[in-house]
**Q** 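My structure is below; once you've seen it, I'll send some questions.
Worth saying up front: this structure is predicted, and the values here are computed from it rather than measured. Throughout, protein chains are lettered first and strands after them, A, B, ... in sequence-line order, and every chain is numbered starting at 1.
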Number of protein chains: 2
Amino acid sequence: MSPYDDSATRQRNTRQRHAVAALLADVNDFRTAQELHGLLRDRGERVGLTTVYRALQTMADAGELDVMRLPSGEQLFRRCSSTHHHHLVCRSCARTVEVAGPTVESWADRIAGEHGFVDISHTVEIFGTCPTCASV
Amino acid sequence: MSPYDDSATRQRNTRQRHAVAALLADVNDFRTAQELHGLLRDRGERVGLTTVYRALQTMADAGELDVMRLPSGEQLFRRCSSTHHHHLVCRSCARTVEVAGPTVESWADRIAGEHGFVDISHTVEIFGTCPTCASV
DNA sequence: ATGGATGCAAATATTTTGCATTTTG
DNA sequence: CAAAATGCAAAATATTTGCATCCAT
């Protein structure tokens, strides 16, 4: 493997995968596969839902995407951001606030290390009722 | 509401719900609905899968159960432990270590409070590869 | 040309719901 | 007896797979 191999993945450079990657770059936030598929539709891109799922899975396996799961069970995908953060989500209206958590990051790494776990990732979700919904 | 009302839930006291509750008390660990249903079978209890799901949902809504989700998407249920803790889960073999996180608790409460959110709950899952799986 | 990628349809898997019947209080 | 719970079958949801075709290399 050459030292400057910039193809992180071994996949082919298809229109569809490019469209998915471009969309994720623009959105830069967690979306379900189905939402992403719909957004591609809106952009006039013609990509099958199956292909969206496959592209997302490939990218996630390659470590290019963060994946989290909604309480309802759908998985959410987002382009990996160098600025790792978590979410504070309103149970009632789903309003989401991104919060940074350096405290949690180091805590998670330390805890995992103490148990000999490697290749650590973590998810933190805080649920509550936002001020607007609470005042109704 | 009487001050010493010990019926946390308003449900009826059926054989099936009792069986599910008793099983959860014995298992005292995270299990899928299907696994719990199978265990009831093994015990000779005759409870429909639908009923298991409904009992679990009712108990979870009542705050009697903790619910988490596997990376694969199935939800896991466990009798609430009074000692709130989080999980360090091996991606490969699903081995789970329970870890306490006072740091995270206070962090989550503070962050949520700063944004005016009330009635806070949170989930933290740490994923990694356990020592055994990593050495293979 | 050749093997990976696509996309439709169908299969899976998990969880929920309609509804007739049974059971609890 | 009335309301709630059960359980079967069917629906709903999310995601994956078979396979014939297409296209990037």
Side-chain angles (χ1 to χ4, degrees), chain A residues 1-2 5-24 30-41 43-62 64-78 94, chain B residues 1-2 5-24 30-41 43-62 64-78 94:
Chain A
M1 182 181 348
S2 86
D5 188 338
D6 60 0
S7 65
T9 63
R10 216 31 90 179
Q11 57 192 297
R12 285 185 178 173
N13 202 18
T14 65
R15 172 179 60 78
Q16 292 89 334
R17 287 187 191 232
H18 184 269
V20 172
L23 175 60
L24 284 164
F30 280 106
R31 291 291 140 82
T32 66
Q34 316 248 1
E35 282 171 345
L36 292 167
H37 179 243
L39 289 170
L40 286 172
R41 261 264 128 84
R43 286 182 167 207
E45 299 278 357
R46 197 150 310 267
V47 183
L49 176 59
T50 307
T51 299
V52 172
Y53 271 108
R54 281 195 276 233
L56 291 172
Q57 171 131 339
T58 302
M59 296 171 82
D61 287 348
E64 296 168 16
L65 298 184
D66 285 332
V67 184
M68 73 168 249
R69 231 170 245 277
L70 237 37
S72 69
E74 301 134 288
Q75 40 190 348
L76 302 175
F77 302 86
R78 181 192 59 178
Chain B
M1 174 175 8
S2 89
D5 187 339
D6 60 359
S7 65
T9 63
R10 215 34 86 181
Q11 59 193 296
R12 284 181 181 178
N13 201 18
T14 65
R15 172 179 60 77
Q16 291 91 334
R17 285 184 194 235
H18 183 268
V20 172
L23 175 61
L24 284 165
F30 280 107
R31 290 292 141 82
T32 65
Q34 316 247 359
E35 283 171 346
L36 292 168
H37 179 243
L39 289 170
L40 287 173
R41 262 265 129 84
R43 286 183 166 206
E45 299 279 359
R46 199 151 309 270
V47 183
L49 176 59
T50 306
T51 300
V52 173
Y53 271 108
R54 280 194 276 233
L56 291 172
Q57 172 133 336
T58 302
M59 296 171 82
D61 288 349
E64 296 167 16
L65 297 184
D66 284 333
V67 185
M68 72 167 252
R69 233 171 241 277
L70 238 36
S72 70
E74 298 135 290
Q75 41 189 353
L76 303 175
F77 302 85
R78 183 192 59 180

**Q** Between D/dA24 atom C1' and A/Gln16 atom CD, what is the distance in whole Å?
**A**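 After rounding, the gap between these two atoms is 11 Å.
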**Q** Identify the residue among B/Met59, B/His37, B/Glu45, B/Arg15 that makes a side-chain contact (heavy atoms from CB on, under 4.5 Å) with B/Val20.
**A**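 Looking at B/Met59, B/His37, B/Glu45, B/Arg15, the match for B/Val20 under the side-chain contact (heavy atoms from CB on, under 4.5 Å) is B/Met59.
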**Q** Using whole Å, what does the distance between atom P of nucleotide C/dT6 and atom CG of A/Leu40 come to?
**A**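 For the pair A/Leu40 CG and C/dT6 P, the rounded distance is 12 Å.
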**Q** Rounded to the nearest Å, what distance is computed from the NE2 atom of residue B/His37 to the C1' atom of nucleotide D/dT6?
**A**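 In whole Å, D/dT6 C1' and B/His37 NE2 are 12 Å from each other.
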**Q** Please round to the nearest 0.5 Å and tell me the distance separating atom CG of B/Leu76 and atom CG of B/Leu65.
**A**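 If we round to the nearest 0.5 Å, B/Leu76:CG and B/Leu65:CG are 12.0 Å apart.
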**Q** What verdict does the side chain to side chain contact (heavy atoms under 4.5 Å, CB included) test give for A/Arg46 and A/Gln16, after you've listed the backbone C-alpha separation in whole Å, the side-chain angles of each residue and the deciding distance to 0.1 Å?
**A** CA-CA 8 Å; A/Arg46 197 150 310 267; A/Gln16 292 89 334; over 6 Å; no
**Q** Round to the nearest Å and state the distance from B/Glu35 atom CD to C/dT14 atom P.
**A**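 Rounding to the nearest Å, CD of B/Glu35 and P of C/dT14 are 10 Å apart.
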**Q** Reckon A/Arg17 has a side-chain N or O less than 4.0 Å from the OP1 or OP2 of C/dT6?
**A**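 Answer yes for this pair, as a side-chain N or O of A/Arg17 is under 4.0 Å from OP1 or OP2.
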**Q** Ignoring backbone atoms, establish whether A/Thr51 has a side-chain N or O less than 4.0 Å from OP1 or OP2 of C/dA5.
**A**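 So the side-chain polar atoms of A/Thr51 never come under 4.0 Å of the phosphate oxygens OP1 or OP2 of C/dA5.
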**Q** Would the base of D/dA3 count as contacting B/Arg12 through its side chain, where contact means a donor and an acceptor less than 3.5 Å apart?
**A**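 Check passes, donor-acceptor contact within cut-off.
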**Q** Out of curiosity, B/Phe77 CZ to B/Leu56 CG, how far, rounded to the nearest 0.5 Å?
**A**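 That separation rounds to 4.5 Å.
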**Q** From CZ of A/Arg46 over to P of C/dG7, roughly how many Å is that when rounded to an integer?
**A**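 Interatomic distance, CZ of A/Arg46 to P of C/dG7: 10 Å.
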**Q** Under 3.5 Å, which protein N or O atoms sit close to an N or O of nucleotides 14-17 of chain D? Give each pair with its distance.
**A**
unit_1: D/dA14; atom_1: OP1; unit_2: A/Glu74; atom_2: OE2; d: 2.8
unit_1: D/dT15; atom_1: OP1; unit_2: A/Gln75; atom_2: N; d: 2.9
unit_1: D/dT15; atom_1: OP2; unit_2: A/Tyr53; atom_2: OH; d: 2.6
unit_1: D/dT16; atom_1: OP1; unit_2: A/Gln57; atom_2: OE1; d: 3.4

**Q** Between B/Tyr53 and B/Gln34, do the side chains contain an N or O donor and an N or O acceptor separated by less than 3.5 Å?
**A**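 Indeed, the side chains of B/Tyr53 and B/Gln34 share at least one donor-acceptor pair under 3.5 Å.
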**Q** Does B/Thr14 place a side-chain N or O at less than 4.0 Å from the phosphate oxygens OP1/OP2 of D/dT6?
**A**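 For D/dT6, OP1 or OP2 has a side-chain N or O of B/Thr14 closer than 4.0 Å.
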**Q** Please indicate whether A/Arg43 has more than 12 foreign heavy atoms, meaning atoms of other residues, nucleotides or ligands, lying under 6.0 Å from its CZ.
**A**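 Yes, because the 6.0 Å sphere around CZ of A/Arg43 holds more than 12 heavy atoms from other groups.
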**Q** What is the distance, to the nearest angstrom, from the CG atom on B/Asp61 to the P atom on C/dT15?
**A**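 In whole Å, C/dT15 P and B/Asp61 CG are 15 Å from each other.
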**Q** Are the side chains of B/Phe30 and B/Asp66 in touch, meaning some heavy atoms are under 4.5 Å apart?
**A**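 In short, these two side chains touch, coming nearer than 4.5 Å.
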**Q** To the nearest Å, give me how far apart NE2 (A/His18) and P (C/dA5) are.
**A**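 A/His18 atom NE2 is separated from C/dA5 atom P by 16 Å.
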